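Notes follow the structure.
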Amino acid sequence: MDGLKGYLLRLLDVERFFALTDYLVLISLFLIILLMFLLSIALRKYAIPFVILFLSSGGLILVSPFIYQWIMESYLKKIEFTLTHNASLQYDAVYFVEGSLKNLGYLDFRGCVVEVNFIPKGLKQLQRIKYKIKPRYLHTEIYKTPLKKQESMDFKFVIPSPNPALNFDLNTKGACY
């Protein structure tokens with residue numbers, strides 16, 4: 001029972017980040033998948049259309065999270081993320097990040113998040129990819145300033161080095177919700 005209760009609580013935590021447009025995009029994708037599946041069942045007497053529709057509906061299930069992400073980032077929640085400074089200060093073991101976020105999408109934002117991933121310098125390409133997928137040192141700044149269409153917001157913050165003995169490259173990303 002605790003497993004189900006914990007799962008439902010985590011689901012409710014994720015649910016509060018979705019807006020009406022998120023639900024509309026997700027429902028549209030689900031209805032397209034359902035329509036293709038039902039059409040394949042209706043055409044089961046004809047082998048080639050059945051196989052094509054059935055496999056494409058199964059493939060669409062697998063790629064639907066990527067399609068959802070692409071629709072949201074390319075059209076509805078599109079941002080312009082510009083960094084003017086993203087490196088360590090010269091004489092201190094701190095990092096300075098400065099830049100701006102501009103809303104280019106069709107929706108107004110309630111806030112934005114800037115995330116900085118610290119990747120040690122001198123790593124091989126495979127290890128860099130590993131640090132990007134599962135970061136060890138991560139700093140997140142949350143801005144709860146509303147951002148209307150075509151508005152921009154400047155940000156700047158100083159981050160102490162997670163390990164002063166190492167030099168880091170910063171992989172900085174921004175997103176708005």
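Owing to the predicted nature of the structure, the values given are computational and were not obtained by experimental measurement.
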Inset, instruction - If you link ILVMFWY side chains whenever their heavy atoms are less than 4.5 Å apart, which other residues fall into the same cluster as Leu166? By chain and number, please. - result: Ile79, Phe81, Leu83, Tyr95, Val97, Leu101, Phe109, Val114, Val116, Phe118, Tyr137, Tyr143, Leu147, Met153, Phe155, Phe157, Ile159, Phe168, Leu170
Legend entry - same_hphob_cluster(Leu24, Phe30) at 4.5 Å side-chain heavy-atom cutoff: no
Inset, instruction - Can you see which heavy atom on Lys77 is nearest to which on Cys176, and at what distance? - result: CD-O, 4.1 Å
Inset, instruction - Starting from Ile48, walk the hydrophobic network (Ile, Leu, Val, Met, Phe, Trp, Tyr; side-chain heavy atoms closer than 4.5 Å) and list everyone else you reach, by chain and number. - result: Ile52
Legend entry - Whether over 12 other heavy atoms sit under 6.0 Å from Tyr68 OH: yes
Inset, instruction - Scan side-chain atoms only and decide if Arg110 and Tyr177 contain a donor-acceptor pair under the 3.5 Å cut-off. - result: no
Legend entry - Which atom of Pro49 lies closest to which atom of Leu43, heavy atoms considered: CB-CD1, 4.2 Å
Legend entry - Single-linkage hydrophobic cluster Tyr75~Val25, side-chain heavy atoms < 4.5 angstrom: yes
Legend entry - Shortest non-hydrogen separation from Lys132 to Asn117 and the atoms involved: CA-ND2, 3.6 Å
Inset, instruction - Please indicate whether Leu31 has more than 12 foreign heavy atoms, meaning atoms of other residues, nucleotides or ligands, lying under 6.0 Å from its CG. - result: yes
Inset, instruction - Report whether Leu76 and Tyr23 are members of the same hydrophobic cluster (ILVMFWY, side-chain heavy atoms less than 4.5 Å apart, transitive linking). - result: yes
Inset, instruction - May I ask you to decide if Ile71's main-chain N or O and Ser74's side chain share a donor-acceptor pair within less than 3.5 Å? - result: no
Inset, instruction - Please name the pair of heavy atoms, one in Lys148 and one in Asp108, separated by the smallest distance, quoted to 0.1 Å. - result: CA-OD1, 3.4 Å
Inset, instruction - Determine, using the 4.5 Å side-chain heavy-atom cutoff (strictly less than), whether Ile61 and Phe54 are members of one ILVMFWY cluster. - result: no
Inset, instruction - Could you name each residue pair satisfying salt bridge (Lys or Arg N to Asp or Glu O under 4.0 Å) that touches residues 155-164, not counting sequence neighbours? - result: Glu98-Lys156
Legend entry - Which atom of Asn103 lies closest to which atom of Gly105, heavy atoms considered: OD1-N, 3.0 Å
Legend entry - Minimum-distance pair of heavy atoms, taken over all atoms of Glu151 and Pro146: OE1-O, 4.2 Å
